[in-house]
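What's counted below: heavy atoms across the whole structure, side chains too, no hydrogens, waters or symmetry copies.
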Amino acid sequence: RLPANFADKDTTMLRNGLAALVGVIAAVILTMILQLVVHSIDPPSRELNDAIGKIYDQDPAVIEEAREIFARELPKHPLQLVLVIATHAAGTFFGSFTAVRISREAHIIPASIVAGLMLLRGVSTVMLIPHPAWFNAVDLLLYIPAALLAWKLVSPGPSHNEVDPVPPNNDHSTTTTT
């Protein structure tokens, strides 16, 4: 016989999993939209556009040529790099916020999944495309705090109406030992 709360745990796990999935989708979509805006405000150079087209080529020599272009050109575009970092943080925040809102009990698990998957995407990007070291450090360090902030904003804080589980010891009598 299954425990009475078994179905509740399964429902919570399923809801958290679906919340995380929706959160990841929301994070990716918002990040893509924000990056389109960023690239329309400060368009990448022709060289960077050429490198973007080459980075996924099948020929290792073409990929290496693209990596060399990125290494040479990206440091010349600090505003664009800062804005890209902002899109990653905003996307992760939004996706985590969405996931935690969908989660019935405001669990940190869906936010953690969103942050973890977005961080993995960030790691794969900085491994594929050579960015300046400051970009890598700042970008990769913002995913987790963005998700934690989203979770903190959604999760209920301690309520004043909650009963203290351990009542204070108001026993004013003294005991003596002999």
A.B. asks: When hydrophobic residues are tied together by side-chain contacts of less than 4.5 Å, even through go-betweens, does Tyr143 share a cluster with Phe94?
C.D. replies: no
A.B. asks: Working to the nearest 0.5 angstrom, can you tell me the gap between Asn16 CG and Ile108 CD1?
C.D. replies: 11.5 Å
A.B. asks: Out of curiosity, does Leu34 fall in the hydrophobic cluster containing Leu83 (side-chain heavy atoms, cut-off under 4.5 Å, transitive links)?
C.D. replies: no
A.B. asks: Considering all heavy atoms of both residues, which atom of Ile69 and which atom of Ala51 are nearest to each other, and what is their separation?
C.D. replies: CG2-CB, 3.7 Å
A.B. asks: Are Val100 and Leu148 in one and the same hydrophobic cluster, where Ile, Leu, Val, Met, Phe, Trp and Tyr link if side-chain heavy atoms are under 4.5 Å apart?
C.D. replies: yes
A.B. asks: Which heavy atom of Val126 sits nearest a heavy atom of Asn136, and at what distance?
C.D. replies: CG1-OD1, 3.1 Å
A.B. asks: Would you say the side chain of Ile52 lies within less than 4.5 Å of the side chain of Asn49, judging by non-hydrogen atoms?
C.D. replies: yes
A.B. asks: Short question: side chain of Arg67, backbone of Leu128 - any donor-acceptor pair under 3.5 Å?
C.D. replies: yes
A.B. asks: With rounding to the nearest 0.5 Å, note down the distance linking OG1 in Thr87 to CD1 in Ile33.
C.D. replies: 11.5 Å
A.B. asks: Work out which heavy atom in Trp134 is nearest to a heavy atom in Val82; give both atom names and the distance.
C.D. replies: CH2-CG2, 3.9 Å
A.B. asks: Is any side-chain heavy atom of Pro44 less than 4.5 Å from a side-chain heavy atom of Gln80?
C.D. replies: yes
A.B. asks: Please round to the nearest 0.5 Å and tell me the distance separating atom OG of Ser45 and atom CG of Asp50.
C.D. replies: 8.5 Å
A.B. asks: Is there a path of hydrophobic side-chain contacts, each under 4.5 Å between heavy atoms, that joins Ile55 and Met32?
C.D. replies: yes
A.B. asks: Would you say that more than 12 heavy atoms from the other residues, nucleotides or ligands in this model lie under 6.0 Å from the CZ of Arg101, or not?
C.D. replies: no
A.B. asks: Can you give me the closest heavy-atom contact between Ala99 and Gly23, atom names plus distance?
C.D. replies: CB-CA, 4.0 Å
A.B. asks: With rounding to the nearest 0.5 angstrom, report the CG to CG distance, Leu119 to Leu142.
C.D. replies: 10.5 Å
A.B. asks: Side-chain contact test, heavy atoms from C-beta onward, threshold under 4.5 Å: evaluate it for His131 versus Thr125 and give yes or no.
C.D. replies: yes
A.B. asks: Backbone N or O of Val37 within a donor-acceptor pair of the Ser40 side chain at under 3.5 Å?
C.D. replies: yes
A.B. asks: Using 0.5 Å steps for rounding, measure from the CZ atom of Arg15 to the OG1 atom of Thr11.
C.D. replies: 9.5 Å
A.B. asks: Quick one: are Thr31 and Met118 in side-chain contact, heavy atoms under 4.5 Å?
C.D. replies: yes
A.B. asks: Taking the side chain as every heavy atom from C-beta outward, state whether Leu74 and Pro132 have any atom pair closer than 4.5 Å.
C.D. replies: yes
A.B. asks: Looking only at heavy atoms, what is the nearest atom pair of Val24 and Val114, with distance?
C.D. replies: N-CG2, 3.7 Å
A.B. asks: Which atoms form the tightest heavy-atom contact between Ser103 and Ala19, and what is the distance?
C.D. replies: N-CB, 3.9 Å
A.B. asks: May I ask you to decide if Leu48's main-chain N or O and Glu73's side chain share a donor-acceptor pair within less than 3.5 Å?
C.D. replies: no
A.B. asks: Are Val22 and Thr98 side-chain neighbours, meaning at least one heavy-atom pair lies under 4.5 Å?
C.D. replies: yes
A.B. asks: How many angstroms lie between atom OG1 of Thr92 and atom CZ of Arg121, to the nearest 0.5 angstrom?
C.D. replies: 7.0 Å
A.B. asks: In this structure, would Leu141 and Trp151 fall into the same cluster of hydrophobic residues linked by side-chain contacts under 4.5 Å?
C.D. replies: no
A.B. asks: Mind checking whether His88 and Phe135 have parallel, tilted or perpendicular rings, split at 30° and 60°?
C.D. replies: perpendicular
